[in-house]
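This report refers to the structure that appears directly beneath it.
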Amino acid sequence: MHLFGSLLTIEEASALRLSFQVATCAAAVGLPFAVAAGYLLARSHFRGKWLIEVLVNLPLVLPPVVVGYLLLVCFSPRGPVGSLLSAWFGARIVFTWWGAVLASVVVSFPLMVRAIRLTFQGIDPRLEMAAQSLGAGRLRTFLTVSLPLARRGLIAGCVLGFARSLGEFGATIMVAGNIEGQTRTIPLAIFTLTNQPGGIDRSWRLVGLAVLLAGGALAVSEWLERRRSTDGTA
Amino acid sequence: MALLDFRCRHPFSSGFQLDVAFESEHRFTTLFGPSGAGKTTILSIIAGFVTPREGYVRLGDRTLLDTDHRVSVPVKSRSVGVVFQDALLFPHLTVDANLRFGQRRRRKQKRVVDFGRVVEVLEVGGLLKRHPRNLSGGEKQRVALGRALLSGPELLLMDEPMASLDAPLKTRILAYLERVVIEWNIPTLYVSHSQAEVRRASDWVVILDQGRIVARGVPEDALGQPAPLGWSDSTRPMNLVRLDRVERTDGQLKGWIGSQLLSLPPQAPSGLLPRFAMFSPAHVFLSKQDLAGVSARNHLRGRVCRLATSNQAIFVAIDIGQIIWAEVTPAAANEMNLRAGDEVFCLLKAHGLSLVD
């Protein structure tokens with residue numbers, strides 16, 4: 001059966017919707033943590049900062065399957081975090097679409113932090129000093145000066161995180177499985193299709209969609225970057 | 001008890017050592033010296049941006065910093081208004097929002113600084129809706145001054161506007177600052193590398209070179225010490241005389257120092273009447289008689305106060321109603337047999353004078 005005339009099958013439409021949902025949630029959930037980490041790394045100097053840097057960037061170089069494995073161990077109902085979530089909230093993460101969100105957040109985190117950190121580094125720290133000399137505490141300085149000045153970087157970070165989440169495969173299949181309509185995002189749908197007879201030929205629409213979505217997100221991020229360099233604010 | 005008590009000793013990684021102690025009970029104190037003397041660092045320590053290895057800062061009855069007793073009041077609670085060299089307005093806020101940024105603190109304080117009055121005195125009423133990127137350098141400085149003022153500071157720190165601002169613009173900022181000091185009576189510490197600025201505005205000057213104080217006192221005395229007399233470039237000796245009266249007749253400007261007339265260089269007719277004339281000691285010719293038939297328009301009668309030697313030149317302080325300095329070669333001073341108490345005439349070309357409003 002096809003939706004949008006004969007453009008997409010129900011399975012394809014479901015994968016598209018799920019990919020969107022997971023990537024959007026991943027960017028939203030990751031943002032506050034990425035802002036905190038980005039600001040900390042841009043502005044603070046402390047012992048053991050290198051350790052934070054390594055931890056933040058680790059998902060960038062680890063095989064996604066390894067990330068997925070570690071998340072699975074931690075968040076499974078008997079794992080250290082999963083058992084707590086289950087006991088306190090009765091919540092289950094693994095093999096639900098929230099598992100896909102979790103995998104995406106972790107894998108896209110280094111990219112988001114990098115974009116946001118660069119933006120904070122580009123803000124003259126003396127603007128923050130000026131705010132404090134005018135009586136603003138650290139929190140008010142952050143909320144009224146640093147954060148608004150970093151807004152484009154935050155958006156760029158979200159777009160990058162969103163794009164990376166769209167392509168997430170290895171960690172997702174470990175943590176969330178490959179459940180039709182629940183955790184089967186576009187990459188998983190392509191993987192599933194191509195394992196069926198004649199599937200290679202039937203995958204082209206999803207492949208096209210993936211290229212379109214990722215390309216669109218990068219174009220938005222590029223456009224933001226250009227506006228940032230022409231109007232002088234970070 | 002002095003208004004401001006400052007002591008600090010701080011080595012920098014570059015090998016530079018700041019070792020300075022001064023007190024000031026004056027409304028308008030200037031820190032003067034060449035680049036790299038440590039002036040801006042002193043402002044940063046008072047504001048709390050930099051914590052020195054050893055330091056003590058007291059403002060009135062409040063101790064802001066005392067490293068011996070591990071006291072360091074956070075920046076936000078120091079009640080010190082800072083005007084940075086490059087204004088540092090918040091680029092994402094309008095002029096209005098920039099000006100109001102510090103008002104929250106002001107409400108808790110006794111000193112009343114009215115928003116409307118600040119806008120009026122600094123003439124920024126027409127700029128309120130604009131963003132900082134659409135302001136000129138001078139406008140930015142005025143807004144930055146207003147922003148600091150509206151936070152209700154007990155001390156105003158002002159770093160000399162960027163060297164990139166041209167000279168007339170800089171003196172105009174100083175004129176606004178003078179108005180502010182008169183209107184609100186806020187103690188001010190101003191950083192400068194121009195002797196004319198020091199003479200113009202300050203009640204007290206602390207002169208620094210390479211992290212140490214080389215002279216201090218009222219500008220007239222402190223600037224007459226050997227170190228500042230020997231400086232060149234922007235910190236070179238510079239006379240500034242206050243014109244007691246100025247008239248424009250037939251497009252010609254005339255000024256008076258006491259009863260002595262001064263011919264001034266022509267000026268754009270639309271401009272404000274100048275209040276000061278500035279000239280280099282090297283452009284003052286001395287003569288023991290009033291000479292006739294010379295092209296220099298101004299012959300000011302005065303009396304030699306003292307002579308000072310610096311950098312193989314003789315600087316002669318002359319009282320013409322105000323003290324001015326003339327620079328002569330040792331040979332000329334010898335030949336003229338100049339001594340304190342001698343009557344001399346100071347010859348000045350009208351075009352050698354710069355006017356300051």
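Just so it is clear: chains get the letters A, B, ... in the order the sequence lines come, proteins before strands, and each one is counted from 1.
Between B:Pro91 and A:Leu149, the shortest heavy-atom contact is CG-CD2, 3.5 Å. Between B:Phe84 and A:Arg126, the shortest heavy-atom contact is CZ-O, 4.3 Å. Between A:Ala130 and B:Arg147 the shortest heavy-atom distance is CB-NH2, 3.9 Å. Closest approach of A:Leu127 to B:Leu89, counting heavy atoms only: CD2-O, 3.4 Å.
Between atom OG of residue A:Ser133 and atom CG of residue B:Leu43 there is a gap of 11.5 Å, rounded to the nearest 0.5 Å. Expressed to the nearest 0.5 Å, how far CZ of B:Phe101 lies from CZ of A:Arg140 amounts to 4.5 Å.
For A:Thr144, the parts lying under 4.5 angstrom from a heavy atom of chain B are both the backbone and the side chain. With a 4.5 Å cut-off on non-hydrogen atoms, B:Leu157 does not touch chain A at all.
For the pair B:His92 (side chain) and A:Ala150 (backbone), a donor-acceptor distance under 3.5 Å is absent.
Under a cut-off of 6.0 angstrom, the local environment of CZ in A:Phe20 is sparse, with at most 12 non-hydrogen atoms contributed by other residues, nucleotides or ligands. No more than 12 heavy atoms of other residues, nucleotides or ligands sit less than 6.0 Å from atom CZ of A:Phe33. By the neighbour-count criterion of 12 heavy atoms within 6.0 Å, atom CZ of B:Arg9 is sparsely surrounded, having that number or fewer from other residues, nucleotides or ligands. Within a 6.0 Å sphere centred on CZ of B:Arg62, other residues, nucleotides and ligands contribute more than 12 heavy atoms. Counting non-hydrogen atoms of other residues, nucleotides and ligands closer than 6.0 Å to CZ of B:Arg179 gives a total above 12.
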